[in-house]
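All of these numbers come straight from a predicted model, not from anything done at the bench.
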Amino acid sequence: MANKNIERVDMRESAFQKTAEEMARCRKLCFKINNTEPMTADLRGLQDELFCGKIDKSSSFMPPMQIDLANNVRVGKNVFVNNDFICMARGGVIIEDGVMIAPRVSVLTANHDLHDHSVLLCSPIKICKNAWIGSGAIILAGVTVGENAVVAAGAVVTKDVPPNTVAGGNPAKIIKTIAF
């Protein structure tokens with residue numbers, strides 16, 4: 001179920017300063033990544049720096065992309081993330097082995113409190129093994145996309161997607177079960 005483990009973060013508090021510093025580091029590195037020739041050692045080096053050396057050599061992100069807090073993102077093996085990826089990772093993001101993410105996908109772990117817009121409500125997102133996220137999909141805070149699940153292009157995922165299912169629509173609903 002979405003919105004479990006909600007963390008409240010007041011952007012006005014001094015403790016938010018560390019988050020702001022990491023966001024600035026990531027913005028600068030994403031800018032460099034987005035302006036570096038694709039498929040080069042330079043690009044790979046910048047991505048390694050962005051993820052603090054914690055991205056497996058078998059995984060790759062295609063620029064352009066914007067990741068605000070890469071230190072909150074864990075990436076498994078054999079992960080492919082296509083261009084125009086947007087990741088707001090304050091709540092934490094786990095992308096497990098074998099995940100494929102199409103162009104223009106947004107993964108958003110934070111939202112603002114309805115009554116105090118200076119407060120972020122953050123929940124982790126987990127994309128389990130061998131999931132496939134279609135082009136233009138939006139995965140919202142607190143969602144888990146199950147193992148072997150498919151999120152259809154353009155879906156807005158507000159609730160967990162069970163393993164071995166296809167979800168689509170706005171808001172996303174289960175369309176079918178995948179037989180293995």
Side-chain angles (χ1 to χ4, degrees), residues 9 11 16-111 120 122-141 143-157 161 166-168 170 172:
V9 179
M11 298 186 310
F16 190 74
Q17 182 60 35
K18 276 191 167 185
T19 297
E21 290 169 8
E22 174 63 6
M23 288 174 73
R25 181 189 79 84
C26 291
R27 277 194 190 107
K28 288 177 185 176
L29 283 166
C30 284
F31 177 84
K32 289 179 183 178
I33 288 167
N34 295 340
N35 290 285
T36 298
E37 185 176 344
M39 315 295 266
T40 63
D42 289 343
L43 178 63
R44 185 61 201 204
L46 288 167
Q47 288 183 2
D48 285 342
E49 186 178 349
L50 177 66
F51 290 104
C52 303
K54 296 179 183 173
I55 182 172
D56 190 82
K57 298 293 181 202
S58 65
S59 295
S60 61
F61 286 71
M62 296 295 109
M65 62 184 194
Q66 184 59 49
I67 300 174
D68 67 352
L69 295 166
N71 63 340
N72 287 349
V73 179
R74 289 192 358 228
V75 180
K77 296 179 180 180
N78 299 307
V79 169
F80 177 77
V81 179
N82 216 321
N83 59 287
D84 296 322
F85 181 64
I86 296 174
C87 182
M88 293 175 58
R90 180 61 177 89
V93 174
I94 298 171
I95 304 172
E96 292 186 345
D97 297 347
V99 168
M100 292 180 49
I101 298 178
R104 293 183 290 294
V105 168
S106 296
V107 173
L108 312 171
T109 67
N111 200 350
L120 290 176
C122 307
S123 294
I125 291 174
K126 182 176 183 181
I127 304 174
C128 297
K129 289 181 179 180
N130 301 315
W132 174 20
I133 311 299
S135 183
I138 301 171
I139 313 294
L140 296 179
V143 165
T144 295
V145 176
E147 190 169 334
N148 302 313
V150 176
V151 173
V156 178
V157 184
V161 177
V166 177
N170 181 5

Could you pull out the closest heavy-atom pair between [X] and [Y], with the gap in Å?
{"X": "G168", "Y": "A152", "result": "CA-CB, 3.9 Å"}
{"X": "L50", "Y": "A70", "result": "O-CB, 3.2 Å"}
{"X": "R90", "Y": "L69", "result": "CA-CD1, 3.5 Å"}
{"X": "V93", "Y": "C87", "result": "CG2-SG, 3.9 Å"}
{"X": "C30", "Y": "M65", "result": "CB-O, 3.7 Å"}
{"X": "T36", "Y": "L46", "result": "OG1-CD1, 3.3 Å"}

### Message
So N111 and L140, do their side chains get closer than 4.5 Å, heavy atoms only?
### Response
no
For the atom pair [atom1] ([X]) and [atom2] ([Y]), what is the distance rounded to the nearest 0.5 Å?
{"X": "I95", "Y": "I55", "atom1": "CD1", "atom2": "CD1", "result": "8.5 Å"}
{"X": "Q66", "Y": "D84", "atom1": "CD", "atom2": "CG", "result": "11.5 Å"}
{"X": "F51", "Y": "N71", "atom1": "CZ", "atom2": "CG", "result": "10.5 Å"}
{"X": "R44", "Y": "I33", "atom1": "CZ", "atom2": "CD1", "result": "10.0 Å"}
{"X": "I139", "Y": "T144", "atom1": "CD1", "atom2": "OG1", "result": "10.5 Å"}

### Task
Report the C-alpha separation of K54 and R74 in whole Å, then their side-chain angles, then the decisive distance to 0.1 Å, and conclude whether the side chain to side chain contact (heavy atoms under 4.5 Å, CB included) test is met.
CA-CA 8 Å; K54 296 179 183 173; R74 289 192 358 228; over 6 Å; no
### Query
Is the CD atom of E37 crowded by more than 12 outside heavy atoms at less than 6.0 Å?
no
### Task
Would you please name every residue forming a salt bridge (Lys or Arg N to Asp or Glu O under 4.0 Å) with K129, sequence neighbours left out?
none
### Which residues share a salt bridge (Lys or Arg N to Asp or Glu O under 4.0 Å) with R25, sequence neighbours left out
E22
### Task
Decide side chain to side chain contact (heavy atoms under 4.5 Å, CB included) for F85 and M62; before the verdict, give the C-alpha distance in whole Å, the side-chain angles of both, and the deciding distance to 0.1 Å.
CA-CA 8 Å; F85 181 64; M62 296 295 109; over 6 Å; no
For the pair [X] (side chain) and [Y] (backbone), establish whether a donor and an acceptor sit closer than 3.5 Å, ignoring hydrogens and angles.
{"X": "T109", "Y": "C122", "result": "no"}
{"X": "D97", "Y": "G76", "result": "no"}
{"X": "S59", "Y": "N78", "result": "yes"}
{"X": "E49", "Y": "L29", "result": "no"}
{"X": "D68", "Y": "A89", "result": "yes"}

### Message
Does either side chain, that of S58 or that of D56, offer a donor lying less than 3.5 Å from an acceptor on the other one?
### Response
yes
### Task
Walk me through it: do F61 and I67 pass the test side chain to side chain contact (heavy atoms under 4.5 Å, CB included)?
CA-CA 11 Å; F61 286 71; I67 300 174; 4.1 Å; yes
#### Entry: Check ion pair K32-D42 (N to O, under 4.0 angstrom)
no
#### Entry: N82 vs I101, side chain to side chain contact (heavy atoms under 4.5 Å, CB included): CA-CA, chis, key distance, verdict
CA-CA 6 Å; N82 216 321; I101 298 178; over 6 Å; no
